[in-house]
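Below: the structure, in structure tokens.
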Amino acid sequence: MSRRSRAILISGLTAFAATAAVALLCIRDWSGITGWAFLTMLWSETVFVAGLLFAERASELTEPVATRAVLYTVIAVYAVVNMAVSLLYMILFKKAYTSFGVIQVVLLAAALVITIVSFTASKGIRTENDRASNAVLQGEAMVNHLERLAADPACAAVSSMLRKLADELQFTDLSVIVQEDAEIEQILSEIETETGDGQSTESVRAKIDRLYTLIAQRKISARTAQTGRI
């Protein structure tokens, strides 16, 4: 259990004990709905603490900022409103069992629906962010490969062309993986092999020309992929 989770648990247990002690010392008339309302207050505190612990665990599987912002708000609002309703019924509506029960069901259902929707959305954001991060890493690896080839003495004859290709690729949308990427990586490996073996510069130049075409096509494919995602 993390330090934050332990702090939440200890704080929750302290608040739970304090609420129980204050209620037992101050409430003299337990008739009507008072007992149920008191249990509901304890339930609200339990949900609040359990919800905060759930938010901490969920933040590890989803987008943490979005998850904490939404779940903390939902849990806090549910707990505060529920406790306020419980106090109101304990003081003014001791016999209103039906309306109290309806309010409890509605509040809990609303909190659950919002929690499920926000968790699902946040998980989708996390998946999309991870996908984009992986794509950027792959794109940067191709750019770095081009720069390494450009700096290699064996590629001195085509160094300027390789640097220009690195610049061209750098300014494409690297946040998506497109079909051209596989062929770009393959050609880069072939150029590295051919220059290392001292093969024909003309063969390398032909592959570089192909890279120019692929990078131009990549710009279109990346734009199309982003439009389709939107």
Side-chain angles (χ1 to χ4, degrees), residues 1-27 29-30 32-136 175-176 226 228-230:
M1 182 179 289
S2 68
R3 182 178 299 177
R4 187 197 295 263
S5 296
R6 285 197 297 271
I8 291 172
L9 183 59
I10 293 171
S11 299
L13 292 174
T14 302
F16 191 92
T19 301
V22 169
L24 293 175
L25 289 173
C26 297
I27 298 176
D29 181 9
W30 290 88
I33 208 170
T34 302
W36 287 106
F38 169 66
L39 291 177
T40 300
M41 293 176 66
L42 297 181
W43 162 256
S44 298
E45 292 182 348
T46 302
V47 169
F48 183 73
V49 174
L52 293 181
L53 294 175
F54 171 75
E56 289 301 309
R57 181 69 181 94
S59 66
E60 299 174 5
L61 307 174
T62 60
E63 172 55 36
V65 175
T67 297
R68 288 194 178 107
V70 175
L71 291 186
Y72 281 14
T73 301
V74 172
I75 295 163
V77 170
Y78 171 79
V80 170
V81 172
N82 208 9
M83 292 186 73
V85 169
S86 298
L87 283 172
L88 183 65
Y89 272 75
M90 289 171 68
I91 298 170
L92 300 178
F93 308 109
K94 289 181 175 292
K95 302 299 181 181
Y97 294 97
T98 301
S99 61
F100 181 75
V102 170
I103 291 173
Q104 292 303 311
V105 171
V106 170
L107 287 175
L108 182 59
L112 286 174
V113 169
I114 296 173
T115 298
I116 292 170
V117 170
S118 62
F119 178 80
T120 303
S122 185
K123 192 172 184 179
I125 294 172
R126 173 67 175 269
T127 300
E128 184 64 19
N129 287 346
D130 288 345
R131 184 209 59 74
S133 296
N134 291 335
V136 169
S175 66
V176 292
Q226 292 286 28
R229 187 179 302 140
I230 293 173

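Hydrogens, waters and symmetry mates are skipped; everything else that's a heavy atom, side chains included, is used. Note that this is a predicted model, so its numbers are computed, not measured.
- Separating the CG atom in Leu87 from the CE atom in Met41 is a distance of 4.0 Å, to the nearest 0.5 Å.
- The distance from the CD1 atom of Ile75 to the CZ atom of Phe54 is 8.0 Å, given to the nearest 0.5 Å.
- With sequence neighbours excluded, the residues satisfying side-chain contact (heavy atoms from CB on, under 4.5 Å) with Thr34 are Ile27, Trp30, Met90, Lys94.
- Annotation for Asn82 and Ser44: closest pair ND2-OG, 3.0 Å, computed over non-hydrogen atoms.
- Across all their heavy atoms, Ser175 and Val136 have their closest contact at CA-CG2, 3.8 Å.
- Not one N or O on the side chain of Ser122 forms a donor-acceptor pair closer than 3.5 Å with the backbone of Ser118.
- We find the OG-CD distance between Ser99 and Gln104 to be 10.0 Å, quoted to the nearest 0.5 Å.
- Atom CH2 of Trp43 is separated from atom CE of Met83 by 14.0 Å, given to the nearest 0.5 angstrom.
- Between the side chains of Thr40 and Tyr89, no donor-acceptor pair of N or O atoms lies under 3.5 Å.
- Taking CD1 of Ile33 as the reference point, atom CZ of Phe100 lies at 5.0 Å (rounded to 0.5 Å).
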Would you check, one step at a time, whether the test side chain to side chain contact (heavy atoms under 4.5 Å, CB included) holds for Tyr78 with Leu108? CA-CA 8 Å; Tyr78 171 79; Leu108 182 59; 3.9 Å; yes
